[in-house]
Amino acid sequence: MAVYTEVTDEALRHFLASYALGELVAFRGIAEGVENSNYALKTEAGDFILTLYEKRVDPAELPYFLGLMDHMAARGLACPVPVKGADGEALRSLADRPAAICTFLPGVWPRRVRPEHCGPLGTALAAMHDAAGDFSGSRANTLGPSGWLPLLNRCRGGAMPAEGVFEELSTALHQVLEDWPRVLPVGQIHADLFPDNVFFLNDGKTPRVSGIIDFYFACTDLLAYDIAVCLNAWCFEADFAFNVTKARALLAGYRARRVLSQAEIEALPVLCRGAAIRFALTRLFDWANTPEGAMVTRKDPMDYVRRLRFHAAARGPDAYGL
Ligand SMILES: Nc1ncnc2c1ncn2[C@@H]1O[C@H](COP(=O)(O)OP(=O)(O)O)[C@@H](O)[C@H]1O
Ligand SMILES: N[C@@H](CCOP(=O)(O)O)C(=O)O
């Protein structure tokens with residue numbers, strides 16, 4: 001459930017007066033998502049998404065996120081476009097929260113990932129890296145390697161989903177930090193490109209990507225780290241077996257659009273270990289810190305600890321089908 005902040009009809013009509021979107025036709029809260037409050041909005045001008053940014057988003061970073069989407073959309077990427085009001089501003093305030101309206105993207109995210117999704121996903125990721133290539137903004141990855149040890153330490157002594165998890169993550173993390181690559185191509189990355197953030201249209205033989213959403217973890221970091229996030233989120237089965245067919249398709253799709261350097265290829269195993277640790281850690285933190293009765297369903301950190309075990313056993317990039 002992700003409607004943390006209720007918006008009254010009256011407040012919304014007043015808010016919409018700043019835009020040239022015509023009259024409000026309908027609006028409803030969207031149950032999916034975890035970070036922000038999202039509403040589907042219909043006005044005389046069409047369909048939109050209204051987002052109210054909640055406590056985990058730093059308002060000072062919103063111009064980066066909105067600017068990045070604007071920039072990539074102008075270069076042909078299918079991502080939400082922030083809608084500007086009559087004053088030229090996309091970011092304003094509603095119900096005491098920073099708020100913005102973005103264009104609505106068609107399609108549905110895959111509830112069950114098939115290998116046929118993974119090729120188009122890889123190509124869309126490379127297209128995103130390309131479209132953001134000349135973006136002038138930058139944002140440090142607060143959930144990147146330098147943030148992992150402090151986050152692990154904040155989990156110390158908290159509720160754990162299984163015995164020995166803290167120690168396992170701690171050992172793996174120290175090794176990852178030692179092995180982390182220093183010089184690889186850097187750019188704007190999505191950093192959370194999970195299946196629920198990629199929409200597909202299934203109108204032909206193969207699914208095609210109709211949109212990428214949720215850029216609120218986007219940051220400036222290693223491009224290949226984004227691939228590692230996708231290998232984690234898209235290429236494991238429900239029993240945590242790694243599906244190398246999906247990985248091969250993802251990597252081939254990516255390489256059809258952007259050249260992966262040898263150094264990036266060689267770094268994939270450590271980048272995958274790092275990405276698995278990153279999601280295990282945020283989930284572990286939420287595991288211990290989500291209050292009883294909260295409207296959000298906690299995600300299981302063990303899903304990513306199990307992925308980490310696969311990556312730790314990988315001998316090299318050929319484990320990923322290369
Ligand atoms: N531009 C968009 N077009 C269509 N649907 C969207 C759009 N943005 C968000 N949504 C819908 O809202 C849901 C939650 O959005 P998301 O950005 O993932 O939220 P959160 O940041 O809170 O996790 C998505 O699963 C999707 O159903
Ligand atoms: N993808 C993360 C959680 C972030 O959720 P999102 O709805 O903002 O994509 C995870 O699975 O741990």
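Keep in mind that the numbers below use all heavy atoms, side chains included, and drop hydrogens, waters and symmetry copies. Counting starts at 1 for both ligands and their atoms, following the listed order.
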Which heavy atom of the protein is the closest neighbour of atom 8 (O) of ligand 2, given with residue, atom name and distance?
D214 OD2, 2.9 Å
Do the side chains of F48 and I212 join up, straight or via other hydrophobic residues, at under 4.5 Å, putting them in one cluster?
no
for atom 3 (N) of ligand 1, nearest protein heavy atom and its distance come out as L105 N, 2.8 Å
Identify the closest protein heavy atom to atom 23 (O) of ligand 1: which residue and atom is it, and at what distance?
V34 N, 3.1 Å
Before accepting this row, confirm whether a basic side-chain N of the pair E116/K205 lies closer than 4.0 Å to the acidic partner's carboxylate O.
no
List the closest protein heavy-atom neighbour of atom 12 (O) of ligand 2: residue, atom name, distance to the nearest 0.1 Å.
R283 NE, 2.8 Å
What atoms in ligand 2 come closer than 4.0 Å to a heavy atom of E35?
8 (O)
Polar-atom distance check: T282 versus ligand 2, any N or O pair below 3.5 Å?
no
Could you please spell out the steps behind the ring pair (Phe, Tyr, Trp, His ring centres under 6.0 Å) verdict for F236 and F242?
CA-CA 5 Å; F236 284 85; F242 186 68; 5.0 Å; yes
Return the residue, atom name and 0.1 Å-rounded distance of the protein heavy atom closest to atom 27 (O) of ligand 1.
E32 OE1, 3.1 Å
Atom 21 (O) of ligand 1: the protein heavy-atom neighbour that sits closest, reported with distance to 0.1 Å
D214 OD1, 3.1 Å
Are side-chain heavy atoms of F200 and V198 found at a separation under 4.5 Å?
yes
Is the shortest distance from a heavy atom of N197 to ligand 2 less than 4.0 Å?
yes
Output the list of atoms in ligand 1 that are nearer than 4.0 Å to some heavy atom of N36, sorted by atom number.
21 (O), 22 (O)
Which class fits the ring pair Y225 and W148: parallel under 30°, tilted 30 to 60°, perpendicular over 60°?
tilted
Trace of the side chain to side chain contact (heavy atoms under 4.5 Å, CB included) decision for L12 with F15:
CA-CA 5 Å; L12 182 57; F15 182 76; 4.3 Å; yes
Taking only non-hydrogen atoms of D196 and a 4.0 Å limit, the atoms of ligand 2 in range are 7 (O), 9 (O)
the protein heavy atom lying closest to atom 3 (C) of ligand 2 turns out to be K299 NZ, 3.9 Å
Given the side-chain rings of H190 and F217, with only the six-membered ring counted for Trp, is the space between their centroids under 6.0 Å?
no
Looking at P80, which atoms of ligand 1 are within less than 4.0 Å of one of its heavy atoms?
1 (N)
Regarding T5 and R97, do their side chains bring together a donor and an acceptor under 3.5 Å, going by distance alone?
yes
Compare F48, W109, Y4, F199 and give the one whose heavy atom is closest to atom 26 (C) of ligand 1.
F199
Steps toward side chain to side chain contact (heavy atoms under 4.5 Å, CB included) verdict (I227, L271)
CA-CA 9 Å; I227 304 175; L271 295 174; over 6 Å; no
Name the closest protein heavy atom to atom 5 (O) of ligand 2, giving the residue it belongs to and the distance to 0.1 Å.
V34 CG2, 3.5 Å
Looking only at protein heavy atoms, which one is nearest to atom 9 (C) of ligand 1, and how far off is it?
I213 CD1, 3.8 Å
A side-chain contact here means heavy atoms from C-beta on lying under 4.5 Å apart; do F240 and D303 qualify?
yes
What atoms in ligand 1 come closer than 4.0 Å to a heavy atom of N38?
14 (C), 15 (O), 16 (P), 19 (O), 22 (O)
Using a 4.0 Å cut-off to any heavy atom of N197, which atoms of ligand 1 qualify?
18 (O)
Is any side-chain heavy atom of P161 closer than 4.5 Å to a side-chain heavy atom of D300?
yes
Contact between T103 and ligand 1, counting heavy atoms under 4.0 Å?
yes
Enumerated ligand 1 atoms positioned under 4.0 Å from heavy atoms of I30
11 (C), 12 (O), 13 (C)
Taking atom CZ of R111 as the centre, report whether more than 12 heavy atoms of other residues, nucleotides or ligands fall under 6.0 Å from it.
yes
Of all the non-hydrogen atoms in the protein, which one sits nearest to atom 6 (C) of ligand 1, and at what distance?
I49 CD1, 3.5 Å
Note the single closest protein heavy atom to atom 2 (C) of ligand 2, along with its residue, its atom name and the distance in Å.
D192 OD1, 3.5 Å
Residues in ring-ring contact (aromatic ring centres under 6.0 Å, His included) contact with Y53, at least two apart in sequence or another chain
Y216
